[in-house]
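One structure is given below, encoded as structure tokens.
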Amino acid sequence: MNIRQLLGSKKLSNFFWKTYREDPQNIEAESHKLLHRTGFISQVSSGIFSFLPMGWRSIEKIKNIIREEMNNSGSLEINMPVVQPAELWEASGRLETYIPPLAHFMDRRENKYIIAPTHEETVTDIVAKNVNSYRDLPFILYHIQTKYREEPRPRGGLLRVREFEMKDAYSFDMNEEGMDVSYKKIIQVYKNIFSRCATEIVIVDADSGTIGGKESNEFIMLADSGEDIILISDKEKYSANVEKAIFIKNEFKQENPENIRTIDTPNLKTIDSLQKELSLPYHKFLKTVIYNADDKLVGCVIRGDYKINETKVRNYLNVTELTPANDTELNNAGLTPGFISPYNTQKIKFIYDDSVLKGPGNFVAGANVIDKHILGINISKDLSPEIVLDIAEAEEGFSAIDGGILRTKRGIEVGHVFKLGDVYSKKMSATYSNQKGEEKNILMGCYGIGVGRLLAACIEANYSNNSMNLPLTIAPFSVYLLALQIKDEEVKNLSEKLFFEIDKLGFDVLYDDRDIQTGVKFNDSDLLSLPYRIVISKRSIEKKQIEIYIREDKKTYDYSYGELIKFFENI
RNA sequence: CGGGGUGUGGCGCAGCGGUAGCGCACUCGCUUUGGGAGCGAGGGGUCACAGGUUCAAAUCCUGUCACCCCGACCA
């Protein structure tokens, strides 16, 4: 390749690149603003974006890092289709249960096709058709493919979209031990990937949601703009998504059973107002919330010093819809909104949080009569709960199971791994014969990274005013070679010579050879904020010094030509 | 799906009953050019859409749609 061709796709006079001076109207997320202003993306519709040449270079760099690390781990790249027959999803049982509902279309012959939101079904089908023996196991397959999910609310530019590229990997093992090995292997791969993208991540215990399976971990990049809330123990041995987090509940001395008495509590419908009125601590109250769970009413009872974690309730009940019941539903069930209690309420199934058994024993609860509460309800004497489990939500300051104190942080979920076990292999007959010739279910794990979201998250983590500051590994280019007075032959020659030399050393150089205002070039360079910026002008030729700005140092240096080349040789 | 906000040239905005304007961007010319230039000359918009009120609608009314933000839900 000669220098002209090499320059072709790397000089701005030839590049399809448009930057914007102002933020687009309405948008909030900094990564979204910057992705737009630096011409990385172009919005097609809500949650659906095109990548432009500059943005696509970063995406490709991220994908290459992912590929290298996955391949190094021995995983094998494949490719699975986006369009899939509905039968595949019928086999796993997710055709009707997937949330949000699967996007689909009918072909000319009225056959139903799914636009895939994920690929467990497809990969399990491949394995069911092609694996027979324990000799074929274990292995890990992955691909980087487009997903489409009908998000209720796309947001934050690339942070939450409807169509996106995901790297999804799937492990196949003979037994639990093997599955654990694969799971740990991918966790290490993910650590490598994120550290190469220069993002600091926290690994947390997570809920497995629609995907299913038992154990699950999320990779969270800490950022105030993130939509996930996580809890980290200050002893740093425990961290979890709030959906999943457990904690040590306060215990109180068990009291002797009291007699029940009803009191007037006009308009005191909340624990807050009652607590003030009665001058009793929060843990003396029972909080009862009635939910509509897939059109059936279920009651949840928890001690007043805790809140209900709806994800935990949903998982226990194995339902898809769980919303607090409205007043009409409550009245129809003979309940009095604001004064509900499990006492003498037979029609409804109640789930108790285990906090109710940790003292003090006697509680204040609603009387199921308007403007009345009951004092002295004893948990074992009067209620004798049958279903007792953990349905409490962890909060800032609670005691962690490692002996530390839980702290709340916000973050962006950039990766998620699941131990699926035989959830899919059982339903889709992905089996193998073991050494004894017995047919066994293959145990699976699945592992995802959202590519575009990772880019947005890196920007959220690194941006400063009007600058993306992407790390060297994923910035669209490494060096911004800014030539001033480009019409000057000496400037042009020096610039091209330098371009070629640095390019040969393995750095992507973006050559700004545009014959436009100096200020525009500097501002574009600041927006893109590549790790290195070199300025060539008549001045450099006169002084025989070349100016380089090193972002990491936030400093400008003057080097001779030789020194500059040496500098890049030593990086 | 609830709550809020915004829709006017490519982008950001003003106009809020009398038939469309500003800045930037774009095209041409000259000058300038190490921090989003100056002067001059141009091109570009059925004012989101559909009804309605009015002599007259970007402007008022009704409805719809799109986008953004908060929540719900979700990887």
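Source: prediction; values computed, not measured. So that the names make sense, note that chain A is the first sequence line, chain B the second, and so on, each numbered from 1.
- Listed nucleotides: B/C11, B/G36, B/C73. Nearest to the side chain of A/Y20: B/C11.
- Separation of the C1' atoms belonging to B/G38 and B/U32 is 7 Å when rounded to the nearest angstrom.
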Exercise for the section: Would you check, one step at a time, whether the test side chain to side chain donor-acceptor pair (under 3.5 Å) holds for A/K521 with A/Y480? Expected result: CA-CA 10 Å; A/K521 297 174 91 154; A/Y480 197 106; over 6 Å; no
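- The ring-ring contact (aromatic ring centres under 6.0 Å, His included) test applied to A/Y20 returns A/H36, not counting sequence neighbours.
- To the nearest angstrom, C1' of B/C73 lies 14 Å from CD of A/E150.
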Are there any protein N/O atoms within less than 3.5 Å of an N/O atom in nucleotides 4-8 of chain B, and if so, which ones and at what distance?
unit_1: B/G5; atom_1: N2; unit_2: A/N26; atom_2: ND2; d: 3.3
unit_1: B/U6; atom_1: O2'; unit_2: A/Q25; atom_2: OE1; d: 3.3

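- Going from atom CD of A/E243 over to atom P of B/A72 covers 11 Å, rounded to whole Å.
- Counting non-hydrogen atoms under 4.0 angstrom, A/D524 reaches a base of the nucleic acid.
- Between B/G15 and B/G7, the two P atoms lie 10 Å apart (nearest whole Å).
- Comparing A/G450 and A/E28 by the nucleotide of RNA chain B whose heavy atom lies nearest to each, the residue mapping closer to the 5' end is A/E28.
- If you take CD1 of A/I27 and P of B/G12, they are 9 Å apart, rounded to a whole angstrom.
- The residue A/F164 sits close to a base: some heavy atom pair falls under 4.0 Å.
- Take A/T19 and apply the side chain to side chain donor-acceptor pair (under 3.5 Å) test, not counting sequence neighbours, and it matches A/D524.
- Backbone-only engagement by A/P24 is indicated by non-hydrogen atom pairs under 4.0 Å involving sugar-phosphate atoms exclusively.
- When the ring-ring contact (aromatic ring centres under 6.0 Å, His included) test is applied to A/F522, no partner is found at least two apart in sequence or on another chain.
- Put simply, the side chain of A/S537 gets close to the backbone of A/R539: a donor and an acceptor are under 3.5 Å apart.
- In secondary-structure terms, RNA chain B builds stems of at least 3 consecutive Watson-Crick or G-U pairs, each pair having both distances under 3.5 Å, at B:1-7 with B:65-71, B:10-13 with B:21-24, B:26-31 with B:37-42, B:48-52 with B:60-64.
- A/G156 comes within contact range of the sugar-phosphate backbone alone, with a heavy-atom separation under 4.0 Å but no base atom that close.
- Take A/F172 and apply the ring-ring contact (aromatic ring centres under 6.0 Å, His included) test, not counting sequence neighbours, and it matches A/F139.
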Contacts under 3.5 Å, N or O only, protein and nucleotides 42-44 of chain B:
none

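- At least one donor-acceptor pair under 3.5 Å links the side chain of A/K312 to the backbone N or O of A/A245.
- B/C68 and B/G36 have their C1' atoms separated by 27 Å, given to the nearest Å.
- Looking at A/V242, A/N241, A/V204, A/D205 one by one, the single match for side chain to side chain contact (heavy atoms under 4.5 Å, CB included) with A/L231 turns out to be A/V242.
- Whole-Å rounding puts the A/L35 CG to B/C11 C1' distance at 17 Å.
- Here the separation of B/A37 from B/G71, taken at their P atoms, is 39 Å to the nearest Å.
- Look at A/R153 and you won't find any side-chain N or O under 4.0 angstrom from OP1 or OP2 of B/C1.
- With P as the reference atom, B/C61 and B/C26 are 39 Å apart, rounded to whole Å.
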Got a list of protein N/O to nucleotides 48-50 of chain B N/O distances below 3.5 Å?
none

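- Using a 4.0 Å cut-off, no side-chain N or O of A/T323 falls inside it from OP1 or OP2 of B/A72.
- Rounding to whole angstrom units, NE2 of residue A/H36 and P of B/C11 are separated by 8 Å.
- In this structure, a donor-acceptor pair under 3.5 Å is present between the side chains of A/E310 and A/Y291.
- Nucleotides B/A58 and B/G17 have their P atoms positioned 13 Å apart, rounded to a whole Å.
- Per the geometry, CD1 belonging to A/I99 stands 14 Å off C1' belonging to B/C1, to the nearest Å.
- Proximity of A/S46 to the phosphate of B/C68: a side-chain N or O atom is located under 4.0 Å from OP1 or OP2.
- Rounded to an integer number of Å, the gap from A/L322 CG to B/A72 C1' is 12 Å.
- Not counting sequence neighbours, the partners of A/F105 by the ring-ring contact (aromatic ring centres under 6.0 Å, His included) test are A/Y113.
- Every residue meeting the side chain to side chain donor-acceptor pair (under 3.5 Å) condition with A/N466, not counting sequence neighbours, appears here in chain and number order: A/R37.
- Rounded to the nearest Å, the gap between the P atom of B/C60 and that of B/C16 is 10 Å.
- Using atom C1' as the reference point in both B/A14 and B/U31, the two lie 32 Å apart (nearest Å).
- Checking A/E120 against A/S92 by side-chain atom types alone, no donor-acceptor pair falls below 3.5 Å.
- Under the side chain to side chain donor-acceptor pair (under 3.5 Å) criterion, the residue pairs touching residues 546-555 of chain A are A/D553-A/Y557, with sequence neighbours excluded.
- Using a 4.0 Å heavy-atom distance criterion, A/R37 is classed as a base contact.
- Residue whose closest nucleotide on RNA chain B sits further toward the 5' end, between A/T19 and A/Q43: A/T19.
- Here A/L141 contributes atom CG and A/D168 contributes atom CG; the two are 10.5 Å apart, rounded to the nearest 0.5 Å.
- For the pair A/K497 and A/Y561, the cation sits on the ring face: its NZ or CZ lies under 6.0 Å from the ring centre, inside 45° of the axis.
- From A/I546, atom CD1 reaches atom CD of A/E563 across 10.0 Å, with rounding to the nearest 0.5 Å.
- Across all strands, A/V414 comes closer than 4.0 Å to no nucleic acid atom at all (heavy-atom distances).
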Practice task
Let me see the working for A/R410 and A/I229 under side-chain contact (heavy atoms from CB on, under 4.5 Å), right down to the final yes or no.
Solution key: CA-CA 5 Å; A/R410 283 188 153 263; A/I229 295 173; 4.0 Å; yes
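- Checking side-chain atoms of A/T199 against main-chain N and O of A/C458 turns up no donor-acceptor pair under 3.5 Å.
- Following rounding to the nearest Å, A/K312 (NZ) and B/C73 (P) show an atom-to-atom distance of 15 Å.
- Between A/L34 and A/L527 there is a side-chain heavy-atom pair separated by less than 4.5 Å.
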Problem - Per-nucleotide protein contact string for nucleotides 22-34 of chain B (B base, S sugar-phosphate only, - none; heavy atom under 4.0 Å) - result: -BSS------BBB
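- Contacts of A/E227 with the nucleic acid, taken as non-hydrogen atoms under 4.0 Å apart, are absent.
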